[in-house]
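The next block holds one structure in the form of structure tokens; read it before the comments.
All residue numbers refer to positions in the sequence shown, counting from 1. Owing to the predicted nature of the structure, the values given are computational and were not obtained by experimental measurement.
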Amino acid sequence: MEIRHSKKLDPLACPSMWIEWGNLARKNKACNLGSGYPDVPLHPDLKEELVMASEVPSANWYTVPHGYPSLSEEIVATYSPLVGRDMVPEEIIVTNGAYQGIYWTFEAFLEEDDEVIVFEPMFDAYRLDAPLTKSRIVTVPLKLETNSWRVDEEQLRKSFTGRTKMIVLNTPHNPTGKVFSRDELEVICELSKEYNCLVLADEVYDRYVLDGYNHLRIAAMPGMWERTITLCSAGKMFGITGWRLGWAFGHSALIEKLLRICKRDTFCCASILQHVVAGMLRRQRLCEPPEETYYTWAGNIYKENYKKLSKAFTDANMPVVAAEGGFFMIVDCSKRSFEFQKSAEYVTLDEDLDVKIAKGIVNNFKLAILPLSLFCNPSGKNKLTNYLRICFAKSSETVDRAVTIIRSFE
């Protein structure tokens, strides 16, 4: 006889896009531009910090939720000037990746029938975490205008109601590569104050913006510190996504609510990894000249990758939607045809265009990419089915291999 499970798990029974498409990439031994992990070699500074951390006894012990002392000190030193205030450790909590920070924030602040505003397309964790709290996702579509993504201000204003408890702001944005403008942030500030709601600022790609754009922190804007939780990711910063280390910061009254969950969950994260990341943050903060930071080193690789892939896809008649920051770019897959589209298997697939094209490309060309429709509400009216998400935060070797494959599309 089957042991009965909690009914709150029933809405979570849907398959994981990351498992499904990751398995498809591995099955085909594909060049992977689908998953958002940098595969650049571990930087020598990281290796050096790892060796030094291995000699520190306390790096092998439990630590506290606010962070291993050296890490919380470095987060304070790094972010205080960026948010325009003198932060203290009680305004920080260290997480097993920003993913855990999303989950904790949803659990800590949302209740049944609360509404959460999310810009669509969206990172799937927001949509999948909501059922656990019986809250409801309200999507606001990003509009594609003159080859860039823009907030529909009228629709955003209409989305706020008396039930709005939180708005999720992901900038730079996954999956579109959009960087929210000051004007857009000011509208979000205005509405969050008017409706007294929390802003969850998912800023895991904050160190990587393309030339001509600037990342602005909503927590630093007037009156927003008290109503904003900001999420950051060491994995995205330093190309170590498998380490699963991030942090959240905000007013101590907000962080204390996350602490209540943390104490009953993992309590703390790996001390030795925190020690290493503290050393990396310190190196970036004190780097002279500033142009020689890890962010600049990795950012230059990513920018060059973006240029290479933009040209390759454009030449293949797959127009590129201009990216502004983060790890991802969007290409239009509806303008050209592939030989595999003539196959009986393709014709009989009852799936969206982008899903069929992405599957055809990985199966026939061994290049893994993701359909943009997977980042949309499956039953929503704003589902985008003509586009693919491409990760350019990869090693030069991976991107060069991908470019060769894209050229073979012809």
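Phe365 has its ring centre less than 6.0 Å from the ring centre of Phe409. In this structure, Phe392 has its ring center under 6.0 Å from that of Tyr306. The six-membered or imidazole ring of Phe119 lies near that of Phe180, with a centre-to-centre distance under 6.0 Å.
The side chain to side chain contact (heavy atoms under 4.5 Å, CB included) search around Lys263 returns Leu259, Phe267, not counting sequence neighbours. Partners of Gln100 under the side-chain hydrogen bond (donor to acceptor under 3.5 Å, both in side chains) rule, at least two apart in sequence or in another chain, are Asn96, Asp265. Residues forming a side-chain hydrogen bond (donor to acceptor under 3.5 Å, both in side chains) with Lys366 (at least two apart in sequence, or on another chain): Asn28. Partners of Tyr79 under the side-chain hydrogen bond (donor to acceptor under 3.5 Å, both in side chains) rule, at least two apart in sequence or in another chain, do not exist in this structure. In this structure, the side-chain hydrogen bond (donor to acceptor under 3.5 Å, both in side chains) partners of Ser148, at least two apart in sequence or on a different chain, are Arg150. The side chain to side chain contact (heavy atoms under 4.5 Å, CB included) test applied to Asn386 returns Asp332, Ser334, Leu353, not counting sequence neighbours. The side chain to side chain contact (heavy atoms under 4.5 Å, CB included) search around Glu288 returns Pro290, not counting sequence neighbours. For Phe313, the ring-ring contact (aromatic ring centres under 6.0 Å, His included) criterion is met by no residue, not counting sequence neighbours. Thr404 meets the side chain to side chain contact (heavy atoms under 4.5 Å, CB included) test with no other residue; sequence neighbours excluded.
Pairs of residues two or more places apart, or lying in two chains, never qualify as ring pair (Phe, Tyr, Trp, His ring centres under 6.0 Å) while including a residue from residues 131-152. A ring pair (Phe, Tyr, Trp, His ring centres under 6.0 Å) check over residues 45-69, counting only residues at least two apart or in different chains, returns the pairs Tyr68-His275. Within the structure, no pair that satisfies the salt bridge (Lys or Arg N to Asp or Glu O under 4.0 Å) test touches residues 27-41, not counting sequence neighbours.
Note that CE of Met122 is 10.5 Å distant from CG of Leu142, once rounded to the nearest 0.5 Å. With rounding to the nearest 0.5 Å, the separation of CZ in Arg26 from OG in Ser35 is 7.5 Å. The distance from the CD1 atom of Ile361 to the SG atom of Cys333 is 7.5 Å, given to the nearest 0.5 Å. The CG atom of Leu258 sits 12.5 Å away from atom CD1 of Ile92, with the distance rounded to the nearest 0.5 Å. From Lys257, atom NZ reaches atom CD1 of Ile93 across 12.0 Å, with rounding to the nearest 0.5 Å. The CD1 atom of Ile301 sits 8.0 Å away from atom OG of Ser395, with the distance rounded to the nearest 0.5 Å.
In summary, the side chains of Asp10 and His5 do present a donor paired with an acceptor at a separation below 3.5 Å, with no hydrogens or angles considered. Residues Asp354 and Ser373 have side chains that bring a donor and an acceptor to within less than 3.5 angstrom of each other. Counted by atom type alone, Arg389 and Asn174 present one or more donor-acceptor pairs between their side chains at under 3.5 Å.
With a 6.0 Å radius and a threshold of 12 heavy atoms from other residues, nucleotides or ligands, Ile19 has its CD1 atom at or below the threshold. The number of heavy atoms from other shown groups lying within 6.0 Å of CD (Glu226) is above 12. Within 6.0 Å of atom CD in Glu145, more than 12 heavy atoms from other residues, nucleotides or ligands are found, so the atom counts as buried in its surroundings.
Between Thr164 and Val116 there is no side-chain heavy-atom pair separated by less than 4.5 Å. Between Met224 and Arg227 the shortest side-chain heavy-atom distance falls below 4.5 Å. In this structure the side chain of Thr95 never reaches within 4.5 angstrom of the side chain of Ile102, judged on heavy atoms.
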task = Just do the ring pair (Phe, Tyr, Trp, His ring centres under 6.0 Å) check on Phe238 and Tyr294 with the steps written out, would you?
result = CA-CA 7 Å; Phe238 300 122; Tyr294 178 96; 5.4 Å; yes
key: Worked verdict on Leu281 versus Met237 for side-chain contact (heavy atoms from CB on, under 4.5 Å)   = CA-CA 10 Å; Leu281 287 176; Met237 280 184 182; 4.2 Å; yes
request  = Apply side-chain contact (heavy atoms from CB on, under 4.5 Å) to the pair Arg85 and Glu91, showing each step before the final yes or no.
outcome  = CA-CA 11 Å; Arg85 61 181 293 110; Glu91 295 173 320; 3.5 Å; yes
ask   = Please walk me through it: do Val321 and Thr176 pass side-chain contact (heavy atoms from CB on, under 4.5 Å)?
value = CA-CA 8 Å; Val321 181; Thr176 66; over 6 Å; no
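Looking only at distances, a side-chain donor or acceptor of Gln274 sits under 3.5 Å from a matching main-chain atom of Cys269. Between the Glu115 side chain and the Arg136 main chain, no donor and acceptor come within less than 3.5 Å of each other. In terms of modelled atom types and a separation under 3.5 Å, the side chain of Glu74 and the main chain of Leu71 share no donor-acceptor contact. In terms of modelled atom types and a separation under 3.5 Å, the side chain of Lys193 and the main chain of Ile188 share no donor-acceptor contact. The closest donor-acceptor contact from the side chain of Thr296 to the backbone of Glu292 lies at 3.5 Å or more, if one exists at all. Without hydrogens or angle criteria, His173 side chain to Pro121 main chain gives a donor-acceptor distance under 3.5 Å.
Residue Thr241 comes nearest to Gly36 through the heavy atom pair CG2-O, 4.5 Å, listed as atom of the first residue, atom of the second, then distance.
Judged by the 6.0 Å distance and 45° axis criteria, Lys236 is not positioned over the aromatic ring of Tyr208. Cation-pi contact between Arg336 and Phe338: present, with separation from the ring centre below 6.0 Å and deviation from the ring axis of at most 45°.
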